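Working notes for the structure below.
Since the model is a prediction, treat every value here as computed from it, not as a measurement. Every chain is numbered from 1, with letters handed out A, B, ... down the list of sequences.
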Amino acid sequence: MIDLKDLREHPDRYRDGCRKKGMAVDIDRLLALDEERRSLSTRRDNLRAEQGRVEKEVGPQIGKLAGAIKKAQTNERASLEAELEALKGRPAALKAQIQDLEAKVAAIEPELNAILLSVPLPPDPDVPVGTSSDDNVEIRRWHPPSTPPAGLGVVGEGPWGFDVSKPYEANRGFRPKNHIDLVKDLGLADFERGVKIAGTRSYVLTGDGMLLHNAVLRYAFDTMTLRHGFRAMSVPVLVREEAMVGTGFFPAGREQAYHIEEAKRGGGYDQFLTGTGEVGLMALHADEILREEDLPIRYTTVSTCFRREAGAAGKDTAGLYRIHQFDKVEQVVICRADETESRSWHAKMIGYVEELLQSLALPYRLLQCCTGDLGVKNADMVDIESWMPGRGDVGKDGTPSGAYGETHSASRLYDYQCRRLNMRYRPAGHEKGPTVFCHSLNNTVAASPRLLIPILEMWQNADGSVTVPPVLRPYMGGKSRIG
RNA sequence: GGAGAGAUGGCCGAGCGGCUGAAGGCGACGGUUUGCUAAACCGUUAUAGGGACCAAAAUCCCUAUCGAGGGUUCGAAUCCCUCUCUCUCCGCCA
């Protein structure tokens with residue numbers, strides 16, 4: 001959520017933000033509603049103050065009179081009652097006016113709040129302006145060196161020295177299989193039975209496929225907790241609507257989430273399946289005032305993620321790329337409201353992922369997302385795409401060109417999310433000062449099975465087997481080869 | 001699923017129609033005392049919205065908030081209704 005006060009003072013900043021992000025939000029309507037609400041509530045508050053004074057003044061008299069009436073003789077009762085009615089007249093008139101104003105305020109609020117929730121955080125000035133992912137700007141690429149660093153592999157096995165500008169065959173000396181064929185031939189996944197059980201975009205990981213999946217997650221999780229000091233967490237993936245709204249996924253992404261309609265069954269309230277562990281991690285401290293010395297908070301979780309993929313019909317229907325359910329290691333940082341600190345965490349969180357991909361020898365590139373590709377809640381977003389030989393256009397010989405596919409996404413949100421979540425801290429040394437909304441950031445560490453695609457395709461061998469990247473072997477009982 | 005009990009400030013806990021933004025305690029912060037610490041004593045101690053002032057901060061004023069929402073009343077932390085949550089016991093269960 002953006003700061004309404006700031007919008008009031010700098011409406012053009014938000015108009016501009018909407019335009020750059022390609023989102024149509026009626027800022028003028030919001031300003032008008034805000035103006036109206038403030039004028040109404042000021043009048044209401046003044047009347048309430050008046051009511052308070054009147055109550056103190058005539059309240060006790062009313063009480064006394066009411067008591068007197070009970071004891072009074074019938075002949076004097078009538079005059080006492082008239083007096084009581086006269087006394088009640090003033091507060092009653094105030095009450096009616098107050099209720100009228102309250103009703104008017106209440107009538108405005110739903111629309112005002114709905115618009116307010118949909119106003120996007122303006123993108124940072126250094127984010128390139130664009131309309132879609134086509135306008136994203138490549139920041140840099142990384143290719144694995146031809147000589148593997150100590151402990152990460154041996155020459156001739158895996159993608160060491162791989163150059164994505166050359167065909168796979170020129171790099172490795174054989175024509176690659178795509179991950180779909182690899183998992184079928186090696187018995188790593190069963191799509192038919194997945195669909196039988198759960199419908200389209202469903203799958204079953206089998207045998208070494210499941211082991212490799214777990215190995216990737218464990219490796220990524222351990223990297224974050226043991227090496228980088230992030231706190232290991234398990235969080236709900238079935239959450240209340242408040243958590244979805246608070247983290248900024250609703251209302252914009254409502255169609256993307258599975259909706260558990262418990263209220264219809266008399267369950268009291270509905271729930272939603274989260275599409276990322278970010279929801280649970282960020283909602284943890286909702287409505288809390290944190291201590292500055294406890295910041296930054298660094299959390300990581302591994303959780304199952306659910307996505308309806310609404311609007312993606314027909315896109316990436318085969319394989320493990322776009323699926324309804326997957327597992328993801330996610331990292332979040334909650335830090336002080338300081339732009340420099342936010343930016344520095346963003347860079348660090350991207351660095352952790354680069355380190356991970358490099359240890360797996362997977363070629364990748366960093367993509368600066370343009371304004372049109374940002375969600376409502378980000379000021380800045382960097383995607384990391386890993387090289388997937390099985391993607392891209394298929395050539396005359398039936399071999400795909402290979403293409404980068406998104407495997408990670410690092411967002412910088414300033415206080416947008418924490419404002420919605422009402423997550424604040426009290427700056428140290430300013431015990432009496434106002435509270436400040438925290439900044440938050442999030443980034444993927446590893447999403448699997450999607451990350452299995454580059455791993456399998458890049459680490460496959462000419463004989464159809466797949467070498468297990470050395471860093472994953474400890475998580476697979478030391479196994480070095482599948483097939 | 002059945003039966004009870006409860007939800008008050010950073011925490012504990014009183015209040016059960018007006019004088020209660022809320023006693024008392026703990027904690028925290030400031031001060032006095034002190035060779036230093038401790039103790040003792042004094043004081044301060046919520047959040048949000050709006051407004052005054054203003055370059056800004058500070059300050060001041062008004063309003064709201066005692067789990068949430070609605071109701072009764074001139075007036076609700078206090079009475080009534082609904083919801084949410086927590087705890088205890090029984091049943092069931094990975």
Do side-chain atoms of Q271(A) reach the backbone of E261(A) as a donor and acceptor pair under 3.5 angstrom? no
Distance, rounded to the nearest Å, where L290(A) contributes CG and rG10(B) contributes P: 13 Å
Does a nitrogen or oxygen in the side chain of K95(A) sit under 4.0 Å from OP1 or OP2 of rG75(B)? yes
Whole-Å gap separating P (rG75(B)) and CD1 (I98(A)): 9 Å
Return no unless some side-chain N or O of R240(A) is found under 4.0 Å from OP1 or OP2 of rC85(B). yes
Under a 3.5 Å limit for both distances, which nucleotide forms a Watson-Crick or G-U wobble pair with rA46(B), could you say? rU65(B)
Roughly how far apart, to the nearest Å, are rU47(B) and rG9(B) at atom C1'? 10 Å
Pair assignment for rG24(B), Watson-Crick or G-U wobble, requiring both distances under 3.5 Å: rC12(B)
Check: E339(A)/Y414(A) side-chain N/O donor and acceptor closer than 3.5 Å: yes
Closest to the R424(A) side chain, choosing from rG50(B), rC62(B), rA48(B): rA48(B)
How close or far is atom C1' of rG49(B) from atom CZ of R419(A), stated in whole angstroms? 13 Å
Distance, rounded to the nearest Å, where Q99(A) contributes CD and rC74(B) contributes P: 11 Å
Shortest side-chain distance from A49(A), nucleotide among rC85(B), rC62(B), rA64(B): rC62(B)
Between T444(A) and K328(A), is there a side-chain donor-acceptor contact under 3.5 Å, judged purely by atom types and distance? no
Is there a donor-acceptor contact under 3.5 Å linking the side chains of R473(A) and Y475(A)? no
Side chain of R48(A) only, please: which of rC74(B), rA64(B), rG50(B) is the nearest? rA64(B)
side-chain N/O S39(A) vs rG50(B) OP1/OP2, d < 4.0 Å: no
Taking atom P in both rG13(B) and rC92(B), what distance in whole Å separates the two? 34 Å
I'd like the C1' distance from rU45(B) over to rG51(B), given in whole Å. 25 Å
Mind checking the C1' distance from rA3(B) to rA77(B)? Whole angstroms is fine. 28 Å
Any idea how Y352(A) and F230(A) line up, ring-wise: parallel (<30°), tilted (30 to 60°), or perpendicular (>60°)? perpendicular
Distance in angstrom units between L40(A) CG and rC62(B) P, rounded: 22 Å
Partner of rU32(B) under the Watson-Crick or G-U wobble criteria, both distances under 3.5 Å, comes out as rA40(B)
Give none if rG91(B) has no partner; otherwise give the nucleotide forming a Watson-Crick or G-U wobble pair with it, both distances under 3.5 Å. none
Given the C1' atoms of rA57(B) and rG17(B), what is the spacing between them in whole Å? 43 Å
For a quick check of understanding: with a heavy-atom distance under 4.0 Å over all strands, which category does R37(A) fall into, base, sugar-phosphate or nothing? nothing
Between rU82(B) atom P and Y269(A) atom OH, what is the distance in whole Å? 19 Å
Can you tell me the pairing partner of rA58(B) across any strand shown, Watson-Crick or G-U wobble, with both distances under 3.5 angstrom? none
Residue met sooner reading RNA chain B from 5', once I289(A) and E50(A) are mapped to nucleotides: I289(A)
Nearest-Å distance once atom P is located in both rU44(B) and rA52(B): 30 Å
Is the backbone N or O of V376(A) less than 3.5 Å from a side-chain atom of K21(A), with the two atoms forming a donor-acceptor pair by type? yes
Rounded C1' spacing from rC29(B) to rA46(B) in Å: 15 Å
Any donor-acceptor pair under 3.5 Å from R450(A) side chain to E406(A) backbone: yes
Any base atoms under 4.0 Å from S41(A), or only sugar-phosphate, or nothing? Heavy atoms, all strands. nothing
Within this structure, what is the CD-to-C1' distance between E109(A) and rG50(B), rounded to whole angstrom? 13 Å
Tell me which nucleotide among rU73(B), rU63(B), rA48(B) gets nearest to the side chain of T435(A). rA48(B)
With a 4.0 Å cut-off on heavy atoms, is R43(A) in touch with a base, just the backbone sugar-phosphate, or nothing at all? nothing
As its Watson-Crick or G-U partner within any shown strand, both distances under 3.5 Å, rU72(B) has none
Grab the OH-P distance between Y425(A) and rG10(B) for me, whole Å please. 19 Å
Counting Watson-Crick and G-U wobble pairs only, both distances under 3.5 Å, name the nucleotide matched with rG6(B), or none. rC85(B)
Between rA38(B) and rU32(B), how far apart are the P atoms? Round to whole Å, please. 15 Å
Under 6.0 Å between ring centres, would you say that holds for F250(A) and F272(A)? yes
Specify the residue among R38(A) and G52(A) whose closest nucleotide of RNA chain B lies further upstream toward the 5′ end. R38(A)
